[in-house]
Amino acid sequence: MRKTLFALLLVALPAGAEEAPALSGITMVRVGGAGAVLDVEAFAAAPASRIALLPQVAATPRNPAPATSAIEVRALRNDDHAAFLLEWEDDTPDVRATLDGFGDMVALQFPVAAGAPPVPFMGNPGGRVQILQWRADWQTDMERGATTMRELYPNSYAADFHHADHLPAAEAAAYEGAVSLGNPMSVQERKSAVQDLVAEGFGSLTPRATQAASGRGTNDGRRWRVVVTRPLAPAGESAADLAPGTSTNVSFAVWNGSKGEVGARKAWAAWVPIEVPK
Amino acid sequence: MPKVHNWQIGREMEYPYEGARPKRQFAAVFDTNKCIACQTCSLACKGAWTSGRGQEYMFWNNVESKPYGFFPLGWDVKILEKLGVTDQKTPVYEGRTLFEAAPDGERVLGYLPDDADWTFVNVGEDDSAGVGIDRGAFLEIPHMQWMFYLARICNHCTYPACLASCPRQSIYKRPEDGVVLIDQTRCRGYRECVKGCPYKKTFYNPVKKVSEKCIACYPRIEEGRSSTCMAACIGRIRLQGFVSTPENAREDNPIDFLVHVRKIAKPLYPQFGTEPNVYYVPPIHVPGAFLSQMFGHGADSAVSTYRGAAEDKDLLAVLTLFGSSPMLIHRFRREGDVAVGFDESGTEVARAPLYEPSIIRPFHDAARGAYRHNTT
């Protein structure tokens, strides 16, 4: 399976991708302080690495012509957190998911175990990866409150009688579907715009029991600048260890919502080496 | 890609997964000739399942006017246009299914409806008449004017395109009854299923950020009762049960009788290849070419058999059982001029006469010295 995937990767490399300095690795810098880093200014001393993004053509549905071809990455660590500043061109910020539209997203991925990394594209059975996915629509939920139909479609008829509101909680649960089942997609009061996930191959993406990442993004009408941060120490099961001195790999994926990119329809990168400075 | 057998198109076809039929398959027959689009079914479903936030626009059950009514807008003509001309004159369909016609890198040929497509829920579809009969028709179209109502729910397909489309395998088909469900704990709202389902019966909930669909009221099915849209139908156009494959058809199963024995109930757009399990008695007044496109091979003979129902007491018995019980009828029997339905355990749950008693009253009521007329 790995051979096939790497063959696909080579075929998929866009012209000029070999110029990208990505494979030389990302330099993570050490800064002072502690706690989650969400401030772009904190990255002033961190050098940028430009990483070529590839079309996702390994699994259906494929995305042979992704909207984004490269991502610029800066990385730092402080006493107890790592943080990444991710920047890419996108002049159509999509911050809400409508019926026919998708939100913009970016994700980082780390191998969970030390040693030879698993398949770079969401891992493989037995080769687990941790994925941190920042979602523009989740951030909007945090900033403006959970999505409502009235906000998405101001002129639509919006029912004001939801019968689950008038039932005892135990009975209402049957009518609330994903909300009552605790699907993180459906949380109405979000605590983070970044979802902390684990995967062992295509279609296996699963939220981790411990959610330890956060992030914040801005778009100036031209470019997304998103900071994603997580503790250095692994929190809970299936988290990569980013202890000082660790040599590991990181990978990225970008989705442009208004270009119909969601799920498997994405641009992604191969592994890039990274060292967590002592 | 694995090959599966689709009896509705009479051949093997490509499907992303191995074929595995459920122990029994949810099914229903809708008689289009009886539907008056009162929307009682739509509201029964709406009240039961889609009164929540983000579900305002959803109609897991809807009734649309054909040929020019749609929900969402143009759902069938759009996918038919993508699929191309589909000749179904022979029992074996020689064209491509939506799986076989999938573009490179896709699992199914499909499309995602636009936002606005969801806003035309049977509004204005019937307003074809002008004001006053002497002024003629408001709508001028290149063929004789005809229409009928098409009630639609999820078809709980044997080879669901929604299930095939989902890259996370979040959609599954229950082995006990063939009901197709979206796992609400796994769905991540990619909308591949919305794109893939040709009938557009999966719906994205933008408040919950996951997709939702008709669940066939499975809690009711588990109790031997019919789904709420079926039970609520005041026109008694619906009969719910379980359908067998042709080789396993049981003559005393009312669904099998209509689908496989008398063959008056036909699947909706079988050329899509999903083997849908809501079957329709085609409208008797609609041109054959249209019926053939919509209901596949044999739609015209279904109409002629249906027209002869008055002379076919067994067929009449099953048609009489439509809407005659809130319970699922697993077997039926005709006892003279009475139709009898039984549940799974053999207990009688329906009994209905084939003919209503009729009394002709004389025009003149001698006892009261009055004439009767039919407006009082």
Side-chain angles (χ1 to χ4, degrees), chain A residues 55-57 59-64 96-103 133 135 137-138 141 146-153 155-159 161-166 172 174-188 195 197 202-207 260 262-265, chain B residues 1 16 46-58 72 102-108 110-119 121 164-170 181-196 203-213 215 219:
Chain A
Q56 190 292 103
V57 291
T60 53
R62 296 185 195 136
N63 195 30
R96 278 293 197 210
T98 56
L99 293 181
D100 64 356
F102 307 94
Q133 185 183 48
R135 305 176 65 100
D137 67 322
W138 283 25
D141 284 353
T147 314
T148 65
M149 288 299 264
R150 189 53 63 79
E151 183 200 344
L152 297 182
Y153 304 104
N155 299 315
S156 70
Y157 168 76
F161 184 85
H162 304 286
H163 70 201
D165 295 351
H166 303 271
Y175 300 98
E176 294 286 29
V179 172
S180 56
L181 290 166
N183 185 333
M185 295 297 297
S186 307
V187 167
Q188 299 294 295
Q195 191 172 26
L197 302 132
F202 302 124
S204 67
L205 192 64
T206 303
V262 68
R265 300 177 197 273
Chain B
M1 197 178 281
K46 189 83 194 147
W49 299 116
T50 59
S51 80
R53 291 175 181 80
Q55 297 180 317
E56 286 87 342
Y57 81 99
M58 292 184 198
D104 189 33
E106 301 285 327
R107 299 178 179 202
V108 180
Y111 77 96
L112 189 67
D114 293 337
D115 272 4
D117 290 350
W118 298 103
T119 61
V121 191
S165 302
C166 180
R168 292 179 52 71
Q169 301 186 10
S170 300
L181 297 174
I182 301 175
D183 183 341
Q184 295 293 300
T185 64
R186 274 190 61 72
C187 178
R188 289 180 66 79
Y190 296 166
R191 280 160 274 175
E192 297 294 344
C193 58
V194 182
K195 195 178 283 183
F203 302 84
Y204 178 65
N205 182 321
V207 174
K208 294 182 193 158
K209 301 183 195 287
V210 295
S211 293
E212 303 176 330
K213 67 178 288 299
I215 60 169

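Note that the structure is a prediction, hence the values are computed from the model and not measured. Lettering follows sequence order; numbering is per chain, from 1.
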Inset, instruction - Identify the heavy atoms of B/N205 and B/Q55 that sit nearest to each other, and give their distance. - result: ND2-CG, 3.5 Å
Legend entry - Segment of B/A48 engaging chain A (4.5 angstrom heavy-atom cut-off): backbone
Legend entry - Closest-packed option against chain A by number of heavy-atom pairs under 4.5 Å, given B/P16, B/S165, B/G47: B/G47
Inset, instruction - Check each atom of A/T98 against the heavy atoms of chain B and say whether the ones under 4.5 Å are side chain, backbone, both or neither. - result: both
Inset, instruction - Verify, without hydrogens or angle tests, whether B/R168 (side chain) and B/R186 (backbone) share a donor-acceptor contact under 3.5 angstrom. - result: yes
Inset, instruction - Please step through side chain to side chain contact (heavy atoms under 4.5 Å, CB included) for the pair B/V207 and B/E56, ending with a clear verdict. - result: CA-CA 10 Å; B/V207 174; B/E56 286 87 342; 5.7 Å; no
Inset, instruction - Name the region of A/Q188, side chain, backbone, both or neither, that has any atom closer than 4.5 Å to a heavy atom of chain B. - result: side chain
Inset, instruction - Find the one option among A/L181, A/T206, A/D141, A/L205 whose heavy-atom pairs under 4.5 Å with chain B are most numerous. - result: A/L205
Inset, instruction - Test B/T119 against A/Y153 for side chain to side chain contact (heavy atoms under 4.5 Å, CB included), laying out the working first. - result: CA-CA 11 Å; B/T119 61; A/Y153 304 104; over 6 Å; no
Inset, instruction - Look at A/D100 together with B/K195 and state whether they make a salt bridge at an N to O cut-off of under 4.0 Å. - result: no
Inset, instruction - Go through the atoms of A/Q56 and report whether side chain, backbone, both or neither lie under 4.5 Å from a heavy atom of chain B. - result: neither
Inset, instruction - Taking the side chain as every heavy atom from C-beta outward, state whether B/W49 and B/K213 have any atom pair closer than 4.5 Å. - result: no
Legend entry - A/N183 side-chain N/O to B/Q184 backbone N/O, donor-acceptor pair under 3.5 Å: yes
Inset, instruction - Could you tell me which of B/Q169, B/K209, B/R107 has the largest number of non-hydrogen atom pairs under 4.5 Å with chain A? - result: B/K209
Inset, instruction - Mark yes or no for whether B/R191, through its side chain, and B/G189, through its backbone, hold a donor-acceptor pair below 3.5 Å. - result: yes
Legend entry - Interchain contact, B/P113 with chain A, by part (heavy-atom threshold 4.5 Å): backbone
Legend entry - Winner by heavy-atom pair count (cut-off under 4.5 Å) against chain B, out of A/E151, A/E176, A/R265: A/R265
Legend entry - chain B contact via A/A97 - which portion, at a heavy-atom distance below 4.5 Å: both
Inset, instruction - Determine yes or no for a side-chain-to-main-chain donor-acceptor pair under 3.5 angstrom, with B/E106 supplying the side chain and B/D104 the backbone. - result: no
Legend entry - Residue among A/G177, A/S180, A/G203, A/A164 with most heavy-atom pairs under 4.5 Å to chain B: A/G203
Inset, instruction - Please state whether the side chain, the backbone, both or neither of A/N63 comes within less than 4.5 Å of a heavy atom of chain B. - result: neither
Legend entry - B/E192, part contacting chain A, at a heavy-atom distance under 4.5 Å: side chain
